[in-house]
Protein chains: 2
Amino acid sequence: MTAARPTVSLPLRTARPAASRAAPAADAAGARAEPSRGEASRPEPLRAKTPHRLRRIAEKRTAILDAALSLFSRNGLHGTTVEQIARTAAVSKTNLFYYFASKEEVYVGVLSRLLDQWLDPLRALEVETDPVEGIRAYISRKIRFSRTHPEASRLFCLEVVQGAPLLRPELETALKQLVDAKTEVIAGWIAAGKLAPVDPHHLIFALWATTQHYADFAPQIDALLGRGLDEEAFVEEATRNVQRLILDGLRPR
Amino acid sequence: MTAARPTVSLPLRTARPAASRAAPAADAAGARAEPSRGEASRPEPLRAKTPHRLRRIAEKRTAILDAALSLFSRNGLHGTTVEQIARTAAVSKTNLFYYFASKEEVYVGVLSRLLDQWLDPLRALEVETDPVEGIRAYISRKIRFSRTHPEASRLFCLEVVQGAPLLRPELETALKQLVDAKTEVIAGWIAAGKLAPVDPHHLIFALWATTQHYADFAPQIDALLGRGLDEEAFVEEATRNVQRLILDGLRPR
DNA sequence: GTCTATAGGCGGATAGAC
DNA sequence: GTCTATCCGCCTATAGAC
């Protein structure tokens, strides 16, 4: 039965519990902590861990998550086997199950790192900026993100297209909060006559859509042009065109 | 092994062979014919079929494809079971296998109907039109397509994001041909000074991206606004905003 | 912590009667 | 053409030794 979706929840970047965790869930370097679900925790050696051990553990978890991101983004949750993830991360399948209780826990782990990264460019959109410069820079950052994190962009897309069962709560809280704040910024710019009166939400959708398109629909673009974001010149070309279109529109001035 | 992708090819709308087909592959009403692959055809009763029987067969195949589209678009190829498709189409699993040799053949069948529909709005973009009106109408048609065929839009997205292994050949031929023709039209408009000088390919990408976004990222939009394309007022609002943005841009005139 | 072996179930596909 | 019964491989997850 695949209709039954994961029952695991996604506690990304809610106040970090700061306590020592159950299981080897010691993420380093910006990675999120794992949900400490009630029942059925991992074997868990209870004695204190040396910093060194913690680092080793975190590295291994990160390697697994990296491998998983790459595979999930190409084949989806159900199109990826634990065996593949393990092989790609250079660990044994059994060993992977020592670090993650289930395939879906790996999937959740990958998703939680995702949204955070995905939101970063938007966070940088500030009131103080000149609107036109702000938008221009945002487009540039977003396309650059599509270039440097194509797999993250694609997996995010896959997840949302399929209904975002896991991400939903986060979209309604963290994302909404951020978007609400930024739409106010934009509305302010419009009220000041610095931008044409476009609905801020639809503007944000258009920005997301046009910039992510280069990562998400890369195969289509490659089929049509034989080029893609791996080519620096194409990155600049895409950026220029999107900026031009969004800022000045099609109608000749 | 899920890494090994389907080996079936996608012969959509290449000159219809017009001959009677092997197997019950008698599609009616705009549906495409099935690939007549060399080996291992279906049981196939060889005697002539009455129009009535042909219709019954076509109807059943269509019902299966419809059910499959709906499920594939939500759960992906690997996230959907044949059992689910059969149940949704109100046939038995065994019976489904009478009409389609494998799950992947169903998948291919769904995809072949897809691209054709997906291309229709672009076909309607004509030289004779006034550029601004032409673009405006195209945006409207595309968003309306996102509304009336959300599942098709999403499955197309899913397939392309995952590398378009099956669609690739079609993208490089049928799609490319059409896009090449239309970029010429657009280039002509620009040369005539009727549109601002934007690269026609990037313009098309922006048009696709902004309009499909409303179908593909519907869950995200719903999480943010609590609205979607099912609401007619929202369709109009989205259309207006995208038209405005693409045609006139953000910078105040 | 890491391994070998294996349980256990799901799901795609076929056999063969009717 | 449609059904019942069933096969069998693949894949998640665990047991238990080291």
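These numbers come from the heavy atoms of this one structure, side chains and all, not from hydrogens, waters or symmetry mates.
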ask   = Which word best sums up how the rings of A/W208 and A/F205 line up, parallel for under 30°, tilted for 30 to 60°, or perpendicular for over 60°?
value =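 It falls in the tilted class, 30° to 60°.
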ask   = Taking the side chain of B/F97 as its heavy atoms from C-beta onward, which of D/dT2, C/dT2, C/dG12 lies nearest to it?
value =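 That would be C/dG12.
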request  = Among D/dA5, D/dG1, C/dG12, find the nucleotide with the atom closest to the side chain of B/I57.
outcome  =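 Between D/dA5, D/dG1, C/dG12, the one nearest the side chain of B/I57 would be D/dG1.
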task = Verify the contact: side-chain N or O of B/Y99 to OP1 or OP2 of D/dG1, cut-off strictly under 4.0 Å; return yes or no.
result =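 Result: no.
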request  = Please check the phosphate of C/dT2 (OP1 and OP2 only) for any side-chain N or O of A/N95 closer than 4.0 Å.
outcome  =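 So the side-chain polar atoms of A/N95 do come within 4.0 Å of the phosphate oxygens OP1 or OP2 of C/dT2, strictly under.
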inquiry  = Does B/E232 have more than 12 heavy atoms from other residues, nucleotides or ligands lying within 6.0 Å of its CD?
reply    =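 Atom CD in B/E232 is crowded, with more than 12 foreign heavy atoms closer than 6.0 Å.
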task = Kindly indicate whether the side chain of B/L225, heavy atoms from C-beta on, has any atom under 4.5 Å from the side chain of B/F234.
result =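 A side-chain contact under 4.5 Å exists here.
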inquiry  = On the side chain of B/K93, is there an atom forming a donor-acceptor pair with the base of C/dG12 - under 3.5 Å, no angle test?
reply    =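 Indeed there is one.
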task = Check whether the side chain of A/S102 and the base of D/dT12 form a donor-acceptor pair under 3.5 Å.
result =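 No, no donor-acceptor pair under 3.5 Å.
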Mind calculating the distance between [atom1] ([X]) and [atom2] ([N]) to the nearest angstrom?
| X | N | atom1 | atom2 | answer |
| --- | --- | --- | --- | --- |
| A/R55 | C/dG1 | CZ | C1' | 17 Å |
| B/I85 | C/dA13 | CD1 | C1' | 14 Å |
| B/Y98 | D/dT2 | OH | P | 8 Å |
| B/Q84 | C/dC10 | CD | P | 13 Å |
| B/K60 | D/dC3 | NZ | P | 7 Å |
| B/L71 | C/dG11 | CG | P | 13 Å |
| B/L96 | C/dG11 | CG | P | 15 Å |
| A/K103 | D/dA13 | NZ | P | 8 Å |

query = Residues two or more places apart in sequence or in another chain: which of them pass ring pair (Phe, Tyr, Trp, His ring centres under 6.0 Å) with A/H149?
reply =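 Residues passing ring pair (Phe, Tyr, Trp, His ring centres under 6.0 Å) with A/H149: A/F145.
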ask   = If an axis is fit to five pairs at each end of the helix from C/dG1-D/dC18 to C/dC18-D/dG1, what is the angle between the two, to the nearest 10°?
value =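 Between the first-five-pair axis and the last-five-pair axis there is 10°.
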ask   = Is A/R61 close enough and on-axis enough to A/F100, meaning under 6.0 Å and within 45°, for cation-pi?
value =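 The answer is yes; both the distance and angle limits are met.
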ask   = Quick one: on DNA chain D, does B/R56 or A/T94 contact a more 5' nucleotide (nearest heavy atom)?
value =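 Nearest nucleotide further toward 5': that of B/R56.
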request  = Would you please test B/E159 and B/Y107 for side-chain hydrogen bond (donor to acceptor under 3.5 Å, both in side chains) and show each step?
outcome  = CA-CA 11 Å; B/E159 181 61 15; B/Y107 191 69; 2.5 Å; yes
inquiry  = Mind checking if B/S92 touches a base, just sugar-phosphate, or nothing, with heavy atoms under 4.0 Å?
reply    =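 Here B/S92 touches the backbone only, sparing every base.
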task = Apply side chain to side chain contact (heavy atoms under 4.5 Å, CB included) to the pair A/Y138 and A/I143, showing each step before the final yes or no.
result = CA-CA 9 Å; A/Y138 180 64; A/I143 290 184; over 6 Å; no
